[in-house]
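What follows is a set of notes on a single structure, which appears directly below.
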Amino acid sequence: MFVRWARGDDPAGAPAMNHGGFVQTDVDALLIGGGIMSATLATLLQEVEPNWDIQVIERLDKVAEESSDPWNNAGTGHSALCELNYTPQKSDGSVDIAKAVTVNEQFQVTRQFWAHLVESGRLPSPQAFIQPTPHMSFVWGADNVEYLRRRHAALSAHPLFAGMEFSDDPEVIGRWAPLLVADRDPNQPIAATYSAAGSDVDFGRLTELLLDAFTERSGNLMLGTEALDLRKLPDGRWAVLVRNRASGEKAVIRARFVFVGAGGYSLRLLQKAGIDEIRGYGGFPVSGEFLRTSRTDVVSRHHAKVYGLAAVGAPPMSVPHLDTRVVEGRTSLMFGPYAGWTPRFLKTGSLTDLFASIKPDNLLPMIKVGLQNLSLVVYLVKQLLSSPKRKFADLREFYADAEPGDWEKVTAGQRVQVIRPDGVLQFGTEVITAADGSIVGLLGASPGASTAAPIMLDVLRDCFADRWPDWQQTLFKAMPHSAEELIADPELAHAVLTSTAEVLGLVPPVAKEPPTGLGEAERAAGVPV
């Protein structure tokens, strides 16, 4: 039911300052949530409509405290260079790289946008938020070694993955990442791929920098302000009831366009908005933990993001990885995640979040998902019951010499996986747009942050079809190759990757050449993929 505004006042007809009710504000666009998604959209809107009144609200007292916080995510800069869940092996043994190509293409659009902001002075030195960090995939066991060999052969044939190396030689792998081979059984088959073109991204700092630039250009940012309810007004605008969490004061913001980028709370807010497009959608929350060390003697021996294979039944967000992280100028290593469960939809949310999101229209899809994903339920129960000793043993599969006293536990961010109306549990990002384009929201999780720019371009195109033709020139100046498939043009792909790498201080791609990890006989015969 819609929340009462105040003493029966109707925000649609009340004056701008109603002493018996709430202060009311009129804006062109209201963005709910102070994370990387809202920061990206706010920046894009200012690019195309510098005179618009744009308001961003965040329920916490600081931006980027939930999923965008650097310790609440892996900061990979998802480009599918290392994430094995983007390249599943099919029943015939071949490797499907379609998802990997799509994710990499999307991340290159985001890199173009960041490079544009750096060159235009909207962002400071890129070292403030992005660091060159090799990306590796690492597996053990004969079958997994063959899978990785096939994956490498399939990916390295494409221009966006040029320069990716493969090796099953412990000596080579040890040069790439010494911790992976230290004290490891020499008889265990292992293999790894290595790409110097990877990155580590502090999305929290990037969000802060984007919103600093946004407010310097007359954008409005309200912290400690949560959205309680939304209602469509007769004139097509949205009236959004907000509350100052410190004082309890309430106000109404009327907006011609609303973006709901509130992380796990997006589902509930879109449900309150009552748009038809959200009917049937549900959410399944998954929490997580990491182990972290900042010991110099350990950190100095590992400079890479190393991803392995997920356990059977595990969600993609639970793929184990040993990562170099650079946060506030300090380098650490992070391993995990260890999955957990809580009904909260945000790390700072309420224990009633999940139950409040269950509606008559999404009850059956949620039941269906539960019945079809019993392996996920079993996995989560095992993770919850797993002892600290057992969890540390997982780290030692990557780093056999790890010592428990060197590592501390870090609680990661909360993820709400999308349950679609057809009863499918979706691991990814879902955009929910009202038919008239007046309100849009994001559900889901990874690889959202890394693909923020192309997702927000889709939002602008779908929600502002009448303005899109006039905006394209400005937007494509910022992202000149966002409408082109780099995978189809090796020369263009190399040029784009090289130019953005130079601006962002990353490692430029190597010239296209045969995969260096395969022997001459294998190259001549052709490795099956």
Side-chain angles (χ1 to χ4, degrees), residues 1-18 20-33 37-38 41-42 45 49 52-59 220 222 225-244 249-283 345 356-362 418 421 430-443 455-456 458-468:
M1 181 178 294
F2 192 77
V3 176
R4 289 181 61 85
W5 294 91
R7 301 187 181 92
D9 292 331
D10 182 358
M17 189 71 172
N18 186 335
F22 297 139
V23 174
Q24 297 181 64
T25 304
D26 294 305
V27 300
D28 294 295
L30 172 64
L31 282 55
I32 302 174
M37 290 299 193
S38 288
L41 181 57
L45 283 173
E49 293 291 348
W52 272 17
D53 189 351
I54 305 169
Q55 176 80 61
V56 178
I57 64 171
E58 164 58 44
R59 66 186 294 269
N220 299 309
M222 294 173 60
T225 303
E226 63 181 338
L228 299 177
D229 215 340
L230 304 90
R231 180 170 63 180
K232 189 73 173 291
L233 300 177
D235 62 6
R237 292 181 300 168
W238 286 91
V240 182
L241 178 65
V242 301
R243 177 177 61 197
N244 183 300
E249 293 180 280
K250 297 178 181 177
V252 173
I253 301 175
R254 296 183 295 201
R256 293 190 294 112
F257 169 74
V258 175
F259 171 72
V260 184
Y265 270 13
S266 292
L267 173 62
R268 293 185 61 194
L269 289 173
L270 290 171
Q271 288 174 332
K272 289 182 178 183
I275 59 174
D276 292 338
E277 291 75 13
I278 197 62
R279 291 182 59 83
Y281 277 92
F345 275 8
S357 74
I358 299 175
K359 308 294 180 184
D361 59 77
N362 66 15
V418 179
E430 184 99 349
V431 181
I432 307 296
T433 307
D436 64 357
S438 64
I439 185 170
V440 60
L442 290 187
L443 305 180
I455 289 175
M456 292 304 107
D458 289 344
V459 166
L460 294 180
R461 184 192 63 235
D462 295 342
C463 295
F464 298 95
D466 57 331
R467 296 176 180 269
W468 180 251

(request) Could you tell me which residues satisfy side-chain hydrogen bond (donor to acceptor under 3.5 Å, both in side chains) with Asn244, sequence neighbours excluded, listed by chain and number? (result) Ser247
(request) First locate atom CG of Leu30, then atom CZ of Arg237, and finally report the distance between them rounded to the nearest 0.5 Å. (result) 12.5 Å
(request) Measure across Gly261 and Ser266 and return the closest heavy-atom pair with its distance rounded to 0.1 Å. (result) C-OG, 3.8 Å
(message) Assess whether a salt bridge exists between Asp235 and Arg254, defined as any Lys/Arg side-chain N lying under 4.0 Å from an Asp/Glu carboxylate O.
(response) no
(message) I need the minimum non-hydrogen distance between Asn362 and Ser357, along with the two atoms involved.
(response) ND2-O, 2.9 Å
(request) For side-chain contact (heavy atoms from CB on, under 4.5 Å), just list the numbers for Leu41 and Leu460, CA-CA rounded to whole Å, side-chain angles, deciding distance to a tenth of an Å, and then say yes or no. (result) CA-CA 9 Å; Leu41 181 57; Leu460 294 180; 3.8 Å; yes
(request) May I have all residue pairs that pass salt bridge (Lys or Arg N to Asp or Glu O under 4.0 Å) and include part of residues 258-270, sequence neighbours excluded? (result) Arg268-Asp353
(request) Kindly write out the residues that satisfy salt bridge (Lys or Arg N to Asp or Glu O under 4.0 Å) with Asp466, not counting sequence neighbours, or none if the list is empty. (result) none
(request) Identify, with sequence neighbours excluded, every residue that meets side-chain hydrogen bond (donor to acceptor under 3.5 Å, both in side chains) alongside Arg461. (result) Asp458
(message) The criterion is ring-ring contact (aromatic ring centres under 6.0 Å, His included); which residues satisfy it with Trp52, sequence neighbours excluded?
(response) Phe464
(message) I'd like to check the side-chain contact (heavy atoms from CB on, under 4.5 Å) partners of Ala227; sequence neighbours left out, ordered by chain and number.
(response) Ile32, Ile57, Val240, Leu269
(message) Do Ser38 and Glu58 have side chains that approach each other closer than 4.5 Å (heavy atoms only, starting at C-beta)?
(response) no
(request) Output yes when Asp361 and Lys359 qualify as a salt bridge under the 4.0 Å nitrogen-oxygen rule, no when they do not. (result) no
(message) Can you confirm whether Pro421 sits close enough to Tyr281 that some side-chain heavy atom of one is under 4.5 Å from a side-chain heavy atom of the other?
(response) yes
(request) Go through the structure and list residues passing salt bridge (Lys or Arg N to Asp or Glu O under 4.0 Å) with Asp462, not counting sequence neighbours. (result) none
(message) Using the rule given for side-chain contact (heavy atoms from CB on, under 4.5 Å), can you reason through Leu442 versus Phe259, listing the C-alpha separation, both sets of side-chain angles and the distance that settles it, and then say yes or no?
(response) CA-CA 8 Å; Leu442 290 187; Phe259 171 72; 4.0 Å; yes
(request) Could you grab the distance from atom OH of Tyr265 to atom CZ of Arg59, nearest 0.5 Å is fine? (result) 4.5 Å
(message) Please enumerate all residues that pass side-chain hydrogen bond (donor to acceptor under 3.5 Å, both in side chains) together with Asp53, with sequence neighbours excluded.
(response) Asn220
(request) Please tell me if the side chains of Lys232 and Asp436 come closer than 4.5 Å, counting only heavy atoms from C-beta onward. (result) yes
(message) To check you understand the geometry: which heavy-atom pair defines the closest contact between Ala42 and Ile54, and what is its length?
(response) O-CD1, 4.4 Å
(message) According to salt bridge (Lys or Arg N to Asp or Glu O under 4.0 Å), who are the partners of Glu49, at least two apart in sequence or on a separate chain?
(response) Arg467
(message) Out of the candidates Ile439, Val258, Val440, only one should pair with Cys463 under the side chain to side chain contact (heavy atoms under 4.5 Å, CB included) rule; please name it.
(response) Val440
(message) Going by side-chain hydrogen bond (donor to acceptor under 3.5 Å, both in side chains), name the residues that satisfy it together with Gln271, two or more places apart in sequence or in a different chain.
(response) none
(message) Could you tell me if the side chain of Leu31 sits less than 4.5 Å from the side chain of Leu45, heavy atoms only?
(response) yes
(message) Rounded at 0.5 Å granularity, tell me how far CD1 in Ile432 sits from CG in Leu270.
(response) 7.0 Å
(request) Could you tell me the separation between the CG atom of Asp229 and the CZ atom of Arg243, rounded to the nearest 0.5 Å? (result) 11.5 Å
(message) Going by salt bridge (Lys or Arg N to Asp or Glu O under 4.0 Å), name the residues that satisfy it together with Asp276, two or more places apart in sequence or in a different chain.
(response) none
(request) With rounding to the nearest 0.5 Å, note down the distance linking CG in Leu233 to OG in Ser438. (result) 10.5 Å
(message) For Val418 and Leu267: C-alpha separation, side-chain torsions, deciding distance, then whether side-chain contact (heavy atoms from CB on, under 4.5 Å) applies.
(response) CA-CA 9 Å; Val418 179; Leu267 173 62; over 6 Å; no
